[in-house]
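Input: a single structure, listed below in structure tokens.
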Amino acid sequence: MSTFFKVLTLNLLNDLSRWDERKNLIAQGVNDLQPDLIALQEVKLPLNTAQWLADHIGGYTVHLCPKTGRGKDREGIAILSRLPVEGEAHLDLQRQGRVAQYVRLEIRDRRLVFANTHLYWEPGESTERYKQVERLLEWLRTTPADAAIVVGDFNGEPDQLSIKRMRKQFTSAYQASHGKEPDYTCPTPLTSKRNLIEETARSVRHAFLNLKTNRALHWRGTLDYIFVNDGVNVKACDVVLNKPAPHDPTLYPSDHFGLMAELIL
């Protein structure tokens, strides 16, 4: 007998300058979607925005994985599950304090691993990001499971080597559903009340990106993915949490859109 379930991935954005406005958009949106498993990146610590979300939508256990090194008290990733979790594990990805995590579930006598990560940030191609993908895949290869799902903010675009490496062992759920990846998942039109600080930082980032890849300064691209292996069939996958607040066209849930997949085990 097959089992139907829904998974969501979302980078929450660790900038708290509009968190009090954004958090309700996130909670309402997630509650409307009713995912069974949620992967979050850029969880702000020690506030623990993942725990806040779980408390306000109800019915989920929280599995937190802080970054390593100097960032361990400021940021992490997290999985929220409303399915029974049999175990969990964390992986140190060794650069930029980056980490990966998984929870292990047993559904109708089948072992499912649901993994979440937020990889090395560097504009354009990145040797370090590729190494992290290799480390992640090796970790998952040694984890006994009948099916595996790997999601998160990979900080790599579809044509880059790190994402091509993922596709050698996993299928992108969005591509399986639509025949291509989303046009973009980041950045959204969200603007901060700390406009000067944010726009200066964004300009520096985009200028650096432009210097390395000869792209326009107004960059946007696809960085977020849901990958599944042969043990999982994709019914649908869509960009979600991609609408502004009704009263404010500059207010979005995050600077990333979310992705949600309807899957069959």
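We number each residue from 1, following the sequence as shown.
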Legend entry - Shortest non-hydrogen contact from Met166 toward Leu137: SD-CD2, 3.9 Å
Inset, instruction - Kindly say whether Leu119 contributes a backbone atom to a donor-acceptor pair with the side chain of Asn155 at under 3.5 angstrom? - result: yes
Legend entry - Tyr225 side chain vs Gly156 backbone, donor-acceptor pair below 3.5 Å: yes
Inset, instruction - Following the transitive rule for hydrophobic clusters with a side-chain heavy-atom cut-off under 4.5 Å over Ile, Leu, Val, Met, Phe, Trp and Tyr, establish whether Leu80 and Leu33 coincide in one cluster. - result: yes
Legend entry - ILVMFWY cluster, Phe4 and Val7 together (side-chain gap under 4.5 Å): no
Inset, instruction - Would you check if the side chain of Arg167 reaches a backbone N or O of Pro158 as a donor-acceptor pair within less than 3.5 Å? - result: yes
Legend entry - Distance in Å, Leu10 CG paired with Gln41 CD, rounded so as to fall on 0.5 Å steps: 7.0 Å
Legend entry - Donor-acceptor pair between Arg98 and Gln94 side chains, under 3.5 angstrom: no
Legend entry - Nearest non-hydrogen partners of Ala50 and Ala78, listed with the distance: CB-CB, 3.6 Å
Legend entry - N/O donor-acceptor pair under 3.5 Å between Ser177 side chain and Tyr174 backbone: no
Legend entry - Heavy-atom donor-acceptor pair, Gln28 side chain to Leu25 backbone, under 3.5 Å: no
Inset, instruction - List the steps, then state whether salt bridge (Lys or Arg N to Asp or Glu O under 4.0 Å) holds for Glu128 with Arg95. - result: CA-CA 8 Å; Glu128 294 298 336; Arg95 293 297 303 274; 2.9 Å; yes
Legend entry - Common cluster, Phe170/Tyr130, ILVMFWY with side-chain heavy-atom separation under 4.5 Å: no
Legend entry - Heavy-atom side-chain contact between Val30 and Pro35 under 4.5 Å: yes
Legend entry - Pairwise side-chain contact, Tyr102 with Glu88, heavy-atom cut-off 4.5 Å (strictly under): no
Inset, instruction - First locate atom CD1 of Ile79, then atom CZ of Phe114, and finally report the distance between them rounded to the nearest 0.5 Å. - result: 5.5 Å
Inset, instruction - Quick one: closest heavy-atom pair of Leu45 and Pro66, and the distance? - result: CD1-CB, 4.1 Å
Legend entry - Worked verdict on Leu190 versus Leu251 for side chain to side chain contact (heavy atoms under 4.5 Å, CB included): CA-CA 5 Å; Leu190 174 69; Leu251 179 63; 4.3 Å; yes
Inset, instruction - First locate atom OG1 of Thr49, then atom CG of Leu13, and finally report the distance between them rounded to the nearest 0.5 Å. - result: 9.5 Å
Inset, instruction - Can you establish whether the number of heavy atoms outside Asp230 located under 6.0 Å from its atom CG is more than 12? - result: no
Legend entry - Arg22 side chain reached by Pro253 side chain, heavy atoms, under 4.5 Å: no
Legend entry - salt bridge (Lys or Arg N to Asp or Glu O under 4.0 Å) between Glu75 and Lys44, intermediate numbers included: CA-CA 5 Å; Glu75 186 182 320; Lys44 185 67 173 178; over 6 Å; no
Inset, instruction - Could you tell me whether Arg135 and Glu138 make a salt bridge, using a distance below 4.0 angstrom between a side-chain N and a carboxylate O? - result: no
Legend entry - Ala89 backbone acceptor or donor facing Arg104 side chain under 3.5 Å: no
Legend entry - Val99/Leu91 under side chain to side chain contact (heavy atoms under 4.5 Å, CB included): CA gap, chis, key distance, verdict: CA-CA 6 Å; Val99 290; Leu91 176 68; over 6 Å; no
Inset, instruction - Could you tell me whether a side-chain N or O of His118 sits under 3.5 Å from a main-chain N or O of Gly76, the two making a donor and an acceptor? - result: no
Inset, instruction - Indicate whether any N or O donor in one side chain lies under 3.5 Å from an N or O acceptor in the other, for Ser126 and Gln132. - result: no
Inset, instruction - On the 0 to 90° scale, with breaks at 30° and 60°, tag the Tyr184-Phe257 ring pair as parallel, tilted or perpendicular. - result: tilted
Inset, instruction - State the CD1-OG1 distance between Ile226 and Thr171, to the nearest 0.5 angstrom. - result: 13.0 Å
Inset, instruction - Enter the distance from Thr185:OG1 to Asn11:CG here, rounded to the nearest 0.5 Å. - result: 9.0 Å
Legend entry - Check: Asn24/His56 side-chain N/O donor and acceptor closer than 3.5 Å: no
Inset, instruction - Find out whether Leu241 and Met260 are in side-chain contact, i.e. whether some heavy atom of one side chain is under 4.5 Å from a heavy atom of the other. - result: no
Inset, instruction - State whether the side chain of Thr61 and the backbone N or O of Ser81 hold a donor-acceptor pair below 3.5 Å, judged by distance alone. - result: yes
Inset, instruction - Might you point out which heavy atoms bring Leu265 and Gly231 nearest each other, and give the distance in Å? - result: CD1-O, 3.6 Å
Inset, instruction - For the pair Glu122 and Arg129, find out whether any cationic side-chain nitrogen is under 4.0 Å from an anionic carboxylate oxygen. - result: no
Legend entry - Beyond-backbone contact of Tyr252 with Ile26, side-chain heavy atoms, under 4.5 angstrom: no
Inset, instruction - Treat each ILVMFWY residue as a node, draw an edge where side-chain heavy atoms are under 4.5 Å apart, and state whether Trp121 and Ile163 are in one component. - result: no
Inset, instruction - Kindly compute the distance separating CD1 (Ile38) from CZ (Arg82), expressed to the nearest 0.5 Å. - result: 8.0 Å
Legend entry - Leu223 vs Phe154, side chain to side chain contact (heavy atoms under 4.5 Å, CB included): CA-CA, chis, key distance, verdict: CA-CA 6 Å; Leu223 303 179; Phe154 283 73; over 6 Å; no
Legend entry - Side chains of Thr250 and Arg18, donor plus acceptor under 3.5 Å: yes
Inset, instruction - Take Asp153 and His256 through the side chain to side chain contact (heavy atoms under 4.5 Å, CB included) test and state the conclusion after the steps. - result: CA-CA 9 Å; Asp153 177 356; His256 285 242; 3.2 Å; yes
Legend entry - Exercise: identify the closest heavy-atom pair between Val150 and Leu140: CG2-CD1, 3.4 Å
Legend entry - ILVMFWY network linking Val240 to Leu40, side-chain heavy atoms under 4.5 angstrom: yes
Legend entry - Note, Val113 side chain near Ile149 side chain (heavy atom, < 4.5 Å): no
Legend entry - Side chain to side chain, Ile264 and Thr3, heavy atoms closer than 4.5 Å: no
Inset, instruction - Specify the closest pair of heavy atoms between Asn31 and Gln34, including all atoms of both residues, with the distance to one decimal. - result: O-NE2, 2.8 Å
Legend entry - Any donor-acceptor pair under 3.5 Å from Asn116 side chain to Gln101 backbone: no
Inset, instruction - Taking the side chain as every heavy atom from C-beta outward, state whether Leu263 and Asn233 have any atom pair closer than 4.5 Å. - result: no
Inset, instruction - Using distance alone, with no hydrogens and no angle criterion, decide if Glu157 and Trp219 have a side-chain donor and acceptor under 3.5 Å apart. - result: yes
Inset, instruction - Tell me, yes or no, whether the heavy-atom count around Lys180 atom NZ, taken from other residues, nucleotides or ligands under 6.0 Å, exceeds 12. - result: yes
Inset, instruction - Without swapping roles, check the side chain of Arg111 against the backbone of Ile107 for a donor-acceptor pair under 3.5 Å. - result: no
